[in-house]
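This report refers to the structure that appears directly beneath it.
Atoms within a ligand are numbered from 1 in the order they appear, just like the ligands themselves. The chain is numbered in sequence order, starting from 1. Keep in mind that what you see is a predicted model, and the values were worked out from it rather than measured.
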Amino acid sequence: MARRRLMWAVLSFLVLSVLFWVSSIIISDKKESITRHISTLGQTASRKYVSSQIWKKGEGVFPIRKLGCSPQNNIVFIKTHKTASSTTSGIFDHYAYLNNLTVAVPPDGAPYMDRKELFRRDMVAETRDVGVGWKKEDGFNMLTAHARYHRPEMDAVVHNAKYITILRDPRAQFVSSFVFFNFVDRFERIFKSRGEKYPTVVEGFMKAPRENYQLMSHRQYSQVLWNQQMFDLGLDTAYFSNPDVIEETISRLDSELDFVMITEYYDESLLILKDILCWEMDDILYTQRLVRNSSNELEIDSYTKVAINQWNAADTRLYDYFNKTLWQRIAAYGTKFQDDLNTFRRKLAVTSSKKTGKHSRDTKKIIKRMKDRGILIR
Ligand SMILES: *[C@@H]1O[C@H](CO)[C@@H](O)[C@H](O)[C@H]1NC(C)=O
Ligand SMILES: *[C@@H]1O[C@H](CO)[C@@H](O)[C@H](O)[C@H]1NC(C)=O
Ligand SMILES: *[C@@H]1O[C@H](CO)[C@@H](O)[C@H](O)[C@H]1NC(C)=O
């Protein structure tokens, strides 16, 4: 009797093992065929379509996306100035184009909503309710053009959005803005007329930043000379000398924004972004040469760099704060961060510009499609 029972036990164990072995082969076959199917499709859009189909139908034994998250389509990107933000907008617009999303754009193809005024919903190009598919009250999926952060008005245009921005070391960002917005020539003339001479014009500016800033305060882009990034994030210049308000603003931003990228750690930031948005690695590819190469900017000595930080105290505090939160997120990502980063960089190295976004190119295509659909009037 005991022998019989033992025999049965052994037999059932064997049968179960065989069953388990066979089913694992079937499952891994299925996984492979899914992977193969996807890789033959090539294009991100079709791949995404297929993978979300699989996911929806629940056929995929191995989900392609991280479990328990669905890709975020609604995004407000606060496009700060001279921070690699155009490359980042390009990533968002490329995604929007491939996934047939709507984007709030300024009228007449302008590159920004407004550089001075806080964002208002009436800055968005005029739209029309389309019988099928889209109504004004649905809002847009994305806002990626230059617009000063103004939460209630942005929420009205993009509903339930993830809010993302990017910050750059103010020492580099300040110099970059100074050069880009043509303040070099203006101050060279001023210094020359006063008979002053400096190794670099930024060094000259930093001898008396407040006075020099005042000289330009009537100019259209004067704000780029003082805490530009804090300004882009909505803080008025009246508070730039008020440390309490600056601290309050930073904590408010920390609670309101979903993620703050850091230009100096661009790839690291994108990897975290991918996680937050539940996107795939292919969605965050970009062409490296599009990130502005700053080697042709002015050489700044270390004394002047300290002066730039002191003058732009709000931006310096802002940057240090969010650089810390980035590294906290990287630590929380866990030990596979470095592996994922290496994988991402290997992909970047073989990424051609055709496969990535270019802000202006994709924006044009998105605008055309929204016009074709009847959403955009002009
Ligand atoms: C984009 O989406 C709209 C509405 O959802 C649809 O009518 C249109 O055909 C789509 N276009 C493409 C190119 O997929
Ligand atoms: C920037 O440009 C210089 C000169 O053109 C080049 O040597 C350097 O490798 C570039 N740096 C990056 C990060 O592309
Ligand atoms: C950003 O934070 C990291 C980690 O704390 C630090 O090593 C790095 O120097 C900071 N970067 C800048 C540019 O301040």
Side-chain angles (χ1 to χ4, degrees), residues 77-88 91 163-180 200 202-203 205-206 209 224-233 235 240 243 246-247 249-276 284 286 288-342 344-345 348:
F77 175 57
I78 318 295
K79 190 169 188 278
T80 47
H81 286 80
K82 313 314 289 172
T83 54
S85 62
S86 290
T87 302
T88 317
I91 291 171
Y163 278 75
I164 312 290
T165 191
I166 183 165
L167 300 173
R168 181 177 176 191
D169 185 335
R171 293 166 293 190
Q173 191 274 343
F174 179 85
V175 176
S176 191
S177 274
F178 200 97
V179 174
F180 184 83
T200 69
V202 172
E203 203 173 319
F205 180 91
M206 283 303 159
V224 309
L225 296 175
W226 198 21
N227 294 310
Q228 163 80 69
Q229 303 182 76
M230 203 52 147
F231 186 81
D232 288 336
L233 287 173
L235 191 64
F240 284 174
I246 291 167
E247 286 308 312
T249 306
I250 291 172
S251 359
R252 180 174 48 79
L253 289 170
D254 190 18
S255 66
E256 288 178 359
L257 303 177
D258 292 279
F259 183 46
V260 177
M261 299 170 63
I262 296 289
T263 311
E264 279 73 18
Y265 308 102
Y266 196 64
D267 296 346
E268 289 86 344
S269 297
L270 284 177
L271 215 48
I272 302 287
L273 180 75
K274 171 184 94 61
D275 234 35
I276 290 171
I284 53 164
Y286 67 99
Q288 275 167 317
R289 66 179 168 73
L290 294 179
V291 173
R292 199 168 289 278
N293 185 336
S294 57
S295 68
N296 56 357
E297 283 165 1
L298 306 173
E299 286 292 325
I300 303 295
D301 63 287
S302 56
Y303 179 85
T304 305
K305 282 183 178 163
V306 172
I308 295 176
N309 272 345
Q310 283 168 349
W311 168 239
N312 296 284
D315 274 11
T316 301
R317 181 71 193 111
L318 179 75
Y319 177 82
D320 288 345
Y321 185 96
F322 284 107
N323 180 37
K324 279 206 191 75
T325 61
L326 169 69
W327 287 93
Q328 283 161 5
R329 288 206 189 242
I330 291 172
Y333 192 104
T335 47
K336 70 177 177 34
F337 187 82
Q338 196 54 49
D339 284 347
D340 287 357
L341 187 60
N342 294 341
F344 180 45
R345 287 190 167 146
L348 281 177

For a quick test of your reading: what N or O donor-acceptor pairs under 3.5 Å do the side chains of residues 328-338 make, sequence neighbours left out?
residue: R329; atom: NH2; partner: D258; partner atom: O; Å: 2.7
residue: Y333; atom: OH; partner: D340; partner atom: OD2; Å: 2.6
residue: Q338; atom: NE2; partner: N342; partner atom: OD1; Å: 3.3

List, for ligand 3, each N/O atom that has a protein N/O partner under 3.5 Å away, with both atom names and the distance.
residue: ligand 3; atom: 2 (O); partner: N323; partner atom: OD1; Å: 3.4
residue: ligand 3; atom: 2 (O); partner: N323; partner atom: ND2; Å: 2.3
residue: ligand 3; atom: 11 (N); partner: Y265; partner atom: OH; Å: 3.0
residue: ligand 3; atom: 11 (N); partner: N323; partner atom: ND2; Å: 3.0

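With sequence neighbours excluded, the residues forming a salt bridge (Lys or Arg N to Asp or Glu O under 4.0 Å) with E268 are R345, listed by chain and number. Partners of E264 under the salt bridge (Lys or Arg N to Asp or Glu O under 4.0 Å) rule, at least two apart in sequence or in another chain, do not exist in this structure.
W327 and Y265 have perpendicular rings, their planes meeting at more than 60° on a 0 to 90° scale where under 30° would count as parallel. Note: W311 and W226 have parallel aromatic rings, judged against thresholds of 30 and 60 degrees for the angle between ring planes.
Residue M230 forms a side-chain contact (heavy atoms from CB on, under 4.5 Å) with just one option from T80, N312, L235, and that option is L235.
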